[in-house]
Amino acid sequence: MKLRHIEIFHSVYVNGSVSAAARALNVSQPSVSKTLRHAESLLGFELFQRTNGRLVPTEDAHALFSEVSEIQDRVYALREAGRNLKRGAGAVLRVSALPSLALDVLPASVSQFLRTHENVKFDLQTVHHDDLLRKLYERETDVAIAYEVPPAAPLGHRPLGKGELVILYREQDMPEAPPRLELERLGGKRFISLAASGPIGHLFTQELQRLDLELDEVVSARTFYIAAALVRQGVGMTVVDSFTAQASLAPGLSARPLEPPIGFDVNAMFLLNRPPTALATDFLKTLGRVIGAP
């Protein structure tokens, strides 16, 4: 007997009729009857006899039911375990993200996810590109959210969305800024540099070299958060990723994307032999929606 035969037999035995079994399993009566007949054919004996319009279990059916009941209980337990995994009951999602994504995007995603997965627990960390591989290899995190996938690394990745470079500035310093700004507009203005800050810094440096443009760098900041704080204090302007800019906006501050645009990808990265679970995959979908939101 296959599991489907066992399920049908168990339901008919417990519910007392084909119609009641069909309702309990949410299938058609002909489907139940056909499967039951097939089970009897495989076994070589009748399981039920029709008496006064009712199905009465045979002695063989009574003997079989005790064995089948135990199997069915295990099947129910397996299904419940699967549902718990899907719901995240008792699960812990270990997620690391770049500081720029951890400022706003990651908290917003966690908040949304917990509305429908209240039993999930999160272990959240920030990670820099240089530490990304180590955290994954040493099992400090299960998924790392970053921009550039390290070349030649044995990692799997899933694209989550895109971002772009933007100029973050005080409105009083450029009161009539257009919707997009050319980098040349920064010439002669006090500039907070992030040239050494990973792939985003490299993208920006390459664009400066292409334009043969030299800016008036008054401060070199190692993190986007510090650069944004310096802008708020009136030290100068900076170029950061769109996620940092969005999280850093405050009264008197504005951000404008570059012209021409300089974009980059946002990826979820994981070890090839430890791909995301179904629950983690659901969370990554939520994260992708937040990243893609205007």
Chemist: Verify whether the ring centers belonging to Phe224 and Phe204 lie closer than 6.0 Å.
Modeler: no
Chemist: Phe264 and Leu168: same hydrophobic cluster, using ILVMFWY side-chain contacts below 4.5 Å?
Modeler: yes
Chemist: Mind checking whether Pro276 and Leu284 have side chains closer than 4.5 Å, heavy atoms only?
Modeler: yes
Chemist: Do any N or O atoms from the side chain of Arg158 and from the backbone of Ala268 form a donor-acceptor pair under 3.5 angstrom?
Modeler: no
Chemist: Do you reckon Val18 sits in the same ILVMFWY cluster as Leu47, going by side-chain contacts under 4.5 Å, direct or chained?
Modeler: yes
Chemist: Treating Arg256 as the side-chain partner and Pro178 as the backbone partner, does any N or O pair qualify as donor plus acceptor under 3.5 Å?
Modeler: yes
Chemist: Side-chain heavy atoms under 4.5 angstrom apart, residues restricted to Ile, Leu, Val, Met, Phe, Trp, Tyr: same cluster for Leu160 and Leu271?
Modeler: no
Chemist: Which of parallel (below 30°), tilted (30 to 60°) and perpendicular (above 60°) describes Phe65 and Tyr13?
Modeler: parallel
Chemist: State, with a plain yes or no, whether a side-chain heavy atom of Pro154 is found less than 4.5 Å away from one of Tyr137.
Modeler: yes
Chemist: Using side chain to side chain contact (heavy atoms under 4.5 Å, CB included), reason through Val266 and Lys162 one step at a time and then give a plain yes or no.
Modeler: CA-CA 5 Å; Val266 183; Lys162 295 182 178 293; 5.9 Å; no
Chemist: I need the minimum non-hydrogen distance between Val95 and Ile145, along with the two atoms involved.
Modeler: CG1-CG1, 4.0 Å
Chemist: side-chain hydrogen bond (donor to acceptor under 3.5 Å, both in side chains), that's the test. Do Arg232 and Ser248 meet it? Break it down for me.
Modeler: CA-CA 9 Å; Arg232 282 197 299 271; Ser248 303; 4.6 Å; no
Chemist: Carefully, step by step, assess Val32 and Ile8 under the rule side chain to side chain contact (heavy atoms under 4.5 Å, CB included).
Modeler: CA-CA 6 Å; Val32 171; Ile8 293 293; 3.8 Å; yes
Chemist: Between CG of Leu132 and CZ of Arg134, what distance do you get to the nearest 0.5 Å?
Modeler: 10.5 Å
Chemist: In the structure I gave you, are the side-chain heavy atoms of Glu259 and Pro179 within less than 4.5 Å of one another anywhere?
Modeler: no
Chemist: Within this structure, what is the CD-CD distance for the pair Glu207 and Gln209, rounded to the nearest 0.5 Å?
Modeler: 10.0 Å
Chemist: So, taking the atom named CD in Gln125 and the one named CG in Asp131, what distance separates them when rounded to the nearest 0.5 Å?
Modeler: 10.5 Å
Chemist: So, taking the atom named CD in Glu138 and the one named CG in Leu133, what distance separates them when rounded to the nearest 0.5 Å?
Modeler: 11.0 Å
Chemist: Looking at Glu184, I want to see if its CD is surrounded by more than 12 non-hydrogen atoms of other residues, nucleotides or ligands under 6.0 Å.
Modeler: yes
Chemist: Is Leu272 atom CG crowded by more than 12 heavy atoms from other residues, nucleotides or ligands, each under 6.0 Å away?
Modeler: yes
Chemist: Minimum heavy-atom separation for Asp216 and Lys189, please, with both atom names.
Modeler: CB-O, 3.5 Å
Chemist: When rounded to the nearest 0.5 angstrom, what distance separates CG in Asn15 from CG in Leu55?
Modeler: 11.5 Å
Chemist: Could you pull out every donor-acceptor pair under 3.5 Å between side chains of residues 236-245 and any protein atom, sequence neighbours left out?
Modeler:
unit_1, atom_1, unit_2, atom_2, d
Thr238, OG1, Ile192, O, 2.9
Asp241, OD1, Thr244, OG1, 2.7
Asp241, OD2, Tyr147, OH, 3.3
Asp241, OD2, Phe243, N, 3.0
Asp241, OD2, Thr244, N, 2.8
Asp241, OD2, Thr244, OG1, 3.4
Ser242, OG, Glu164, N, 3.3
Ser242, OG, Glu164, O, 3.4

Chemist: Does the pair Phe113 and Val290 meet the rule for a side chain to side chain contact (heavy atoms under 4.5 Å, CB included), with working shown?
Modeler: CA-CA 11 Å; Phe113 194 71; Val290 172; over 6 Å; no
Chemist: Please examine the side chains of Leu155 and Pro150, heavy atoms only from C-beta on, and report whether any two atoms are closer than 4.5 Å.
Modeler: yes
Chemist: For residues 22-43, pull every pair meeting side-chain hydrogen bond (donor to acceptor under 3.5 Å, both in side chains), keeping only residues two or more places apart or in separate chains.
Modeler: His5-His38
Chemist: Please find the pair of heavy atoms, one from Phe9 and one from Ala61, that lie closest to each other, and give the distance.
Modeler: CZ-O, 3.6 Å
Chemist: Side-chain heavy atoms under 4.5 angstrom apart, residues restricted to Ile, Leu, Val, Met, Phe, Trp, Tyr: same cluster for Leu93 and Met269?
Modeler: no
Chemist: How close do Tyr169 and Ile167 get, counting heavy atoms only, and between which atoms?
Modeler: CD2-O, 3.7 Å
Chemist: So which heavy atom on Leu103 is nearest to which on Ala247, and how close?
Modeler: CB-CB, 3.7 Å
Chemist: Going by the rule salt bridge (Lys or Arg N to Asp or Glu O under 4.0 Å), which residues pair with Arg94 if we only count those two or more places apart in sequence or in a different chain?
Modeler: Asp142
Chemist: Would you give the length of the straight line joining atom NE2 of His117 to atom OG1 of Thr286, rounded to the nearest 0.5 angstrom?
Modeler: 7.0 Å
Chemist: Please say yes or no: joined through hydrophobic side-chain contacts below 4.5 Å, possibly via intermediate residues, are Leu258 and Leu253 part of one cluster?
Modeler: yes
Chemist: How close do Pro107 and Leu101 get, heavy atom to heavy atom, and via which atoms?
Modeler: CD-O, 4.3 Å
Chemist: Do Arg185 and Glu182 meet the salt-bridge criterion of a basic N to acidic O distance under 4.0 Å?
Modeler: no
Chemist: Between His202 and Glu148, is any pair of side-chain heavy atoms under 4.5 Å apart?
Modeler: no
Chemist: Do Leu43 and Asp60 touch side chain to side chain, with heavy atoms closer than 4.5 Å?
Modeler: no
